[in-house]
Structure formats: C-alpha cells, structure tokens
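Written below as structure tokens is the structure these notes are about.
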Amino acid sequence: MQIEIILNGKKVSLDVKNNELLADTLRNYGVCSVRKGCDTTCCGLCTIWIEEKPVLSCAMLSVRADGKTITTMEGLQREAEEFAQVLVAEGSEQCGFCSPGFILTVLAMKRELKNPTEEEIVHYLTGNLCRCTGYLGQLRAIKKYLGVA
C-alpha cells in the first residue's frame, strides 16, 4: 500500500504493509533517530512528532500516517543541538541511546507548556525511559533550558 507523508519538510511516498508499524517504516526509510527499545510503548525511544505532537511510532500503524506531517530528530537538528548542549553542560547526558525520543519530547513540551512546574515537567516526560540516570540531572537541564526556576 502506498502512503504519502511530509517527513521533515519533504513530501515522501512510501510503500508499506497493512500491519507495518511506523517505527519500522521510518527505520527502513533511513531515519536513524527512531529507535525501538521495548516493543511495549514504555520507553519512548521511538518518539516522533505527528502534526507537532509527540507520538510513539512503535504503537502506530504506518497506514494511519497517510497524509500527515511527521517530524523526527533529523528535522529539528538546530533545536535539538541547543538542548543537547544544556544537557552536556549540566552533566546529565549519559550513553545517548534514549536521547532522540527524550529530546523530541522536551522540544514538544517547550512548545506546548508555558512556565511548567516541576510536576508538569515530570508528568510530560512519563514514558521516556533512561536506564543510565536517576533523572535529576536531566530535570535540572530541562528547567534551565525552559527558563523555569
């Protein structure tokens, strides 16, 4: 089945199977930032934006993306680099495996929430699993990046 999407600003036509997951379709197309780590929608590694909202691509059939605008880390490199620099400066970056999904979630949060509380930040990040950290450094970096106390 053919679907058409706007992927990181470019119109793309893709041949997909009826039961193919969007994470697999994007990886097959060469989008390296989309990762799968759990196959149970628990880790957030496969996070992408659909119509500028974070979505777990491992839980969505590719056919449902037909006609949608999809953004991955490759489409937000400048913003992602800005936040990554804050993560590094705060000493909160570890192995980096979870970074693409985590960073996309933080960038979406910045667009959606104005002056979020710590509780709102933690709630927004629910579903992004990092096996390296205790999240305190990441929370510190997020607050600094968002400009909240």
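Worth knowing before you read on, the calculation uses all heavy atoms, side chains too, and leaves out hydrogens, waters and symmetry mates. Nothing here was measured: the structure is a model prediction, and the numbers come from that model.
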Checking L14 against I5 for the side chain to side chain contact (heavy atoms under 4.5 Å, CB included) test, could you report, in this order, the C-alpha distance in whole Å, the side-chain angles of both residues, the deciding distance, and whether it holds? CA-CA 8 Å; L14 301 169; I5 60 172; 3.7 Å; yes
Salt bridge (Lys or Arg N to Asp or Glu O under 4.0 Å) assessment of E112 paired with K53: CA-CA 9 Å; E112 188 173 326; K53 297 290 183 195; 3.6 Å; yes
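The NZ atom of K143 sits 9.0 Å away from atom OG1 of T117, with the distance rounded to the nearest 0.5 Å. Here the straight-line distance linking atom CE of M109 with atom CD1 of I103 works out to 12.0 Å at 0.5 Å rounding. Atom CZ in F97 sits 15.5 Å away from atom CZ in F102 (nearest 0.5 Å). Rounding to the nearest 0.5 Å places CG of L22 at 7.0 Å from CD1 of I3. Interatomic distance, L45 CG to L129 CG, rounded to the nearest 0.5 Å: 8.0 Å. Taken to the nearest 0.5 Å, the CG atom of D15 stands 10.0 Å off from the CE atom of M1.
Checked by atom type and distance alone, the side chain of T47 never pairs as donor or acceptor with a backbone atom of L104 at under 3.5 Å. Judged by distance alone, the side chain of S92 and the main-chain N or O of V88 form no donor-acceptor pair under 3.5 Å.
You'll find the side chain of L146 reaches within 4.5 Å of the side chain of P116, heavy atoms only. Using a 4.5 Å cut-off on side-chain heavy atoms (C-beta onward), T72 and L7 make contact. V106 places a side-chain heavy atom less than 4.5 Å from the side chain of L125. Annotation: side chain of V31 is not in contact with side chain of I70 (no heavy-atom distance under 4.5 Å). Contact annotation: the side chain of M60 never approaches that of L21 to less than 4.5 Å [non-hydrogen atoms, C-beta and beyond]. Looking at heavy atoms from C-beta onward, R78 lies in side-chain contact with E82 at the 4.5 angstrom threshold. Taking the side chain as every heavy atom from C-beta outward, L107 and Y145 approach each other to under 4.5 Å. The shortest side-chain heavy-atom distance between W49 and V55 does not fall under the 4.5 Å cut-off.
No option in R35, K17, K36 other than K36 meets the salt bridge (charged side-chain N to carboxylate O under 4.0 Å, His left out) test with D24.
Under 4.0 Å is where a charged nitrogen must lie from a carboxylate oxygen, and between K114 and E120 no such pair does. Checked for salt-bridge contact, K68 and E51 miss the test: no charged N lies under 4.0 Å from a carboxylate O.
Between the side chains of E4 and S13, no donor-acceptor pair is found at a separation under 3.5 Å. Looking only at atom types and distance, the side chain of S62 has no donor-acceptor partner in the side chain of E20 under 3.5 Å away.
Scanning all heavy atoms of the two residues, the minimum distance from C46 to A23 falls at CB-CB, 4.4 Å.
A 6.0 Å sphere centred on CD of E119 holds no more than 12 heavy atoms belonging to other residues, nucleotides or ligands. The 12-atom threshold is not exceeded at CZ of R64, counting heavy atoms of other residues, nucleotides or ligands nearer than 6.0 Å.
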